[in-house]
Amino acid sequence: MSVSHPSPATTLLSARSARSLPCAPLAVLGHDVQVPLASGEKVGYAALDYAASSPALQRVWDDVAAYAPYYGSVHRGAGYLSQLSTDLFEQSRRTVAEFLDLREGDQVVFTRATTDSLNLLASAVPAGTRVFAFETEHHAALLPWAHAGLEVDYLRAPRSRAEAVAVLDAALAGAPAGPKLLCVTGASNVTGELWPVAELTATAHRHGARVVLDAAQLAPHHRVSVRELDVDWIAFSGHKLYAPFGAGVLAGRTDWLDAADPYLAGGGATRTVAREVDGSVAVQWHTGPARHEAGSPNVIGAYAIASACRALTEAGFDALEARERQLVERLTAGLAEIPQVRVLSLFGATGDIQSAARVGVLSFVVQGWNSSHFSAALSAEYGIGVRDGLFCAHPLVRTLLGEESGVAPGPVSECGAPEPSLPGERSLNAIRVSFGAGTPDEHIERFLTAVRELVTDGAAWNYRNEGGRCVATVQIDRGRREG
């Protein structure tokens with residue numbers, strides 16, 4: 001529904017669109033937050049855990065704050081604020097469609113996150129569909145299909161992009177007749193490596209299979225065109241795209257979604273509901289996005305995603321990608337100088353970590369260190385936030401950290417891995433550093449300095465496990481640092 005008089009929503013959108021943005025780093029919330037070290041000193045927080053949740057762009061926060069006084073119910077409201085909020089919600093849908101370069105007839109469904117988007121699609125896949133997924137996928141892309149009762153072929157981890165295409169080609173060629181779906185990531189949440197999405201999609205379509213792209217780690221770092229990649233659906237999360245408030249997107253073809261039962265039953269998804277003579281209830285469901293958006297939608301979440309899409313587009317992906325490549329090159333070159341560090345890679349040629357094209361996501365292990373202990377020391381002694389564990393991609397990390405990988409197990413620490421190990425398996429976990437459009441050069445330099453010092457001199461504090469967290473307890477007098 002469109003308002004017939006001037007809309008503050010339109011004013012907000014046009015005013016923000018006209019504003020130019022700095023090339024890089026983009027302004028993010030929390031860039032000036034001071035955090036305490038184990039010593040009691042405070043330092044500026046180095047947020048290097050973007051792959052889990054990126055900080056919100058200041059631009060997004062400003063847009064949401066400007067809209068907040070006009071917040072109202074969405075759809076069917078007669079009041080001005082309701083109509084304005086409906087306008088903003090539907091304009092956000094159009095903005096996302098433009099950001100993804102959707103085809104004519106594609107639709108955008110707002111969800112809670114990538115996990116929700118892929119579970120929604122799994123609920124809409126026709127019965128008898130066989131799903132194909134590499135074991136390297138994040139759990140959000142690996143698990144919904146079997147959970148929905150579908151047959152799944154889990155494909156082995158490829159060690160090159162060409163092998164990924166060949167493995168898929170062979171699997172599809174040997175598959176029985178019937179509908180087929182490939183779920184594949186655009187960029188690994190563990191290694192950051194870029195996957196050959198266009199080639200995989202062409203292979204899938206040649207065999208009559210459809211493709212859904214998990215773009216959770218790709219969309220924040222690279223321009224994504226559904227039209228050019230030719231994928232059938234794409235899913236991503238706002239909280240990884242510099243937008244807070246817990247919203248996500250599933251976009252693409254309409255036929256399977258319109259033919260499926262609504263993902264949730266309730267108001268907003270219904271066209272009509274009537275009592276029958278026999279006492280039952282007859283329901284006519286909407287088609288289109290409303291069919292799967294029952295309940296009151298997350299208007300602010302959708303608007304925040306749209307604001308982030310506009311901000312990244314206006315900043316220019318060419319400039320953002322170029323700067324991120326510089327940061328990746330600096331990081332990989334710095335880690336390559338530390339013999340005790342091994343960066344995890346599927347596609348890196350003969351261990352050359354700098355040969356693998358990746359977004360700003362990289363995981364590694366340090367010889368002689370438990371990864372939880374090392375990550376805790378980065379936080380407590382340097383104010384650096386990273387992530388350790390198996391990153392909700394257990395099969396992939398276990399493959400990369402298997403006994404055949406040559407990683408020395410290191411000493412057993414009181415601060416063990418938070419992820420459970422399989423019976424008979426030694427404790428496995430890794431460290432992940434991730435960054436993006438809001439990361440200053442200093443954070444990468446501080447991180448490399450911290451890794452070198454910890455490897456060379458050891459931690460300055462003793463650590464123990466307290467409630468599952470690795471906590472600094474007593475400072476070690478080694479004379480390597482003042483204070």
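Just so it is clear, the structure is predicted and the values come from calculations on it, not from any experiment. FYI, side chains are in, hydrogens and waters are out, and symmetry mates aren't considered; it's all heavy atoms of this structure.
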Here's a test for you: under side chain to side chain donor-acceptor pair (under 3.5 Å), which of Arg210, His205, Arg103 qualifies with Asp232? His205

Tyr45 side chain reached by Ile384 side chain, heavy atoms, under 4.5 Å: no

Ion pair present between Glu314 and Arg59, side-chain N to carboxylate O less than 4.0 angstrom? yes

Salt bridge check: are Arg161 and Glu193 linked by an N-O gap of less than 4.0 Å? no

With a 4.5 Å heavy-atom cut-off, do Arg227 and Leu102 have their side chains touching? no

Quick one: do the Thr114 and Asp214 side chains pair a donor with an acceptor below 3.5 Å? no

Are Phe245 and Tyr303 close enough that their ring centers fall under 6.0 Å? no

Within the 4.5 Å heavy-atom criterion, are Leu48 and Arg432 side-chain neighbours or not? no

I'd like to check Val365 versus Ser371 (side-chain heavy atoms, cut-off strictly below 4.5 Å). Are they in contact? yes

Over 12 foreign heavy atoms within 6.0 Å of CG, Asp32: yes

Determine, for Arg323 against Asp441, whether the closest basic-nitrogen to carboxylate-oxygen distance falls under 4.0 angstrom. yes

With a 4.0 Å cut-off on N to O distance, would you call Glu442 and Arg446 a salt bridge? yes

Is the shortest side-chain N to carboxylate O distance from Glu466 to Arg464 below 4.0 Å? yes

Using distance only, find each side-chain donor-acceptor pair of residues 123-131 under 3.5 Å and give its atom names and separation, not counting sequence neighbours.
{"unit_1": "Ser123", "atom_1": "OG", "unit_2": "Leu120", "atom_2": "O", "d": "2.6"}
{"unit_1": "Thr129", "atom_1": "OG1", "unit_2": "Pro126", "atom_2": "O", "d": "2.7"}
{"unit_1": "Arg130", "atom_1": "NH1", "unit_2": "Asp153", "atom_2": "OD1", "d": "2.8"}

Would you call the rings of Phe374 and Phe364 parallel, tilted or perpendicular if under 30° counts as parallel and over 60° as perpendicular? perpendicular

So if I apply the side-chain contact (heavy atoms from CB on, under 4.5 Å) rule between Leu121 and each of Val109, Leu250, Thr111, which one comes out positive? Leu250

Donor-acceptor contact present, side-chain Thr136 to main-chain Leu396, <3.5 Å: no

Any Lys/Arg nitrogen of Lys180 or Glu151 sitting under 4.0 Å from an Asp/Glu carboxylate oxygen of the other? no

Could you check whether the rings of Tyr50 and Tyr242 sit parallel, tilted or perpendicular, using 30° and 60° as the cut-offs? perpendicular

Counting N and O atoms only, with roles assigned by atom type, does the side chain of Lys42 sit under 3.5 Å from a partner on the main chain of Gly40, one being a donor and the other an acceptor? no

Check whether any side-chain heavy atom of Phe447 lies under 4.5 Å from a side-chain heavy atom of Val386, and answer yes or no. yes

Does Arg358 pair with Glu329 as a salt bridge, N-O distance under 4.0 Å? no

Side-chain heavy-atom pair Trp256, Trp233 within 4.5 angstrom cut-off: yes

When you measure from the side chain of Thr439 to the backbone of Phe435, do you find a donor-acceptor pair of N or O atoms at a distance under 3.5 Å? no

Under the criterion side-chain hydrogen bond (donor to acceptor under 3.5 Å, both in side chains), I'd like the reasoning laid out for His221 against Glu321: C-alpha separation, chi angles, the key distance, then a yes or no. CA-CA 7 Å; His221 303 274; Glu321 290 174 27; over 6 Å; no

Any side-chain to backbone donor/acceptor pair from Lys240 onto Ser54? Under 3.5 Å, distance only. no

Considering only NZ, NE, NH1 and NH2 on the basic side and carboxylate oxygens on the acidic side, decide whether Arg206 and Asp169 come within less than 4.0 Å. yes

Report, as yes or no, whether the 6.0 Å neighbourhood of atom CZ on Arg112 holds more than 12 heavy atoms from other residues, nucleotides or ligands. no

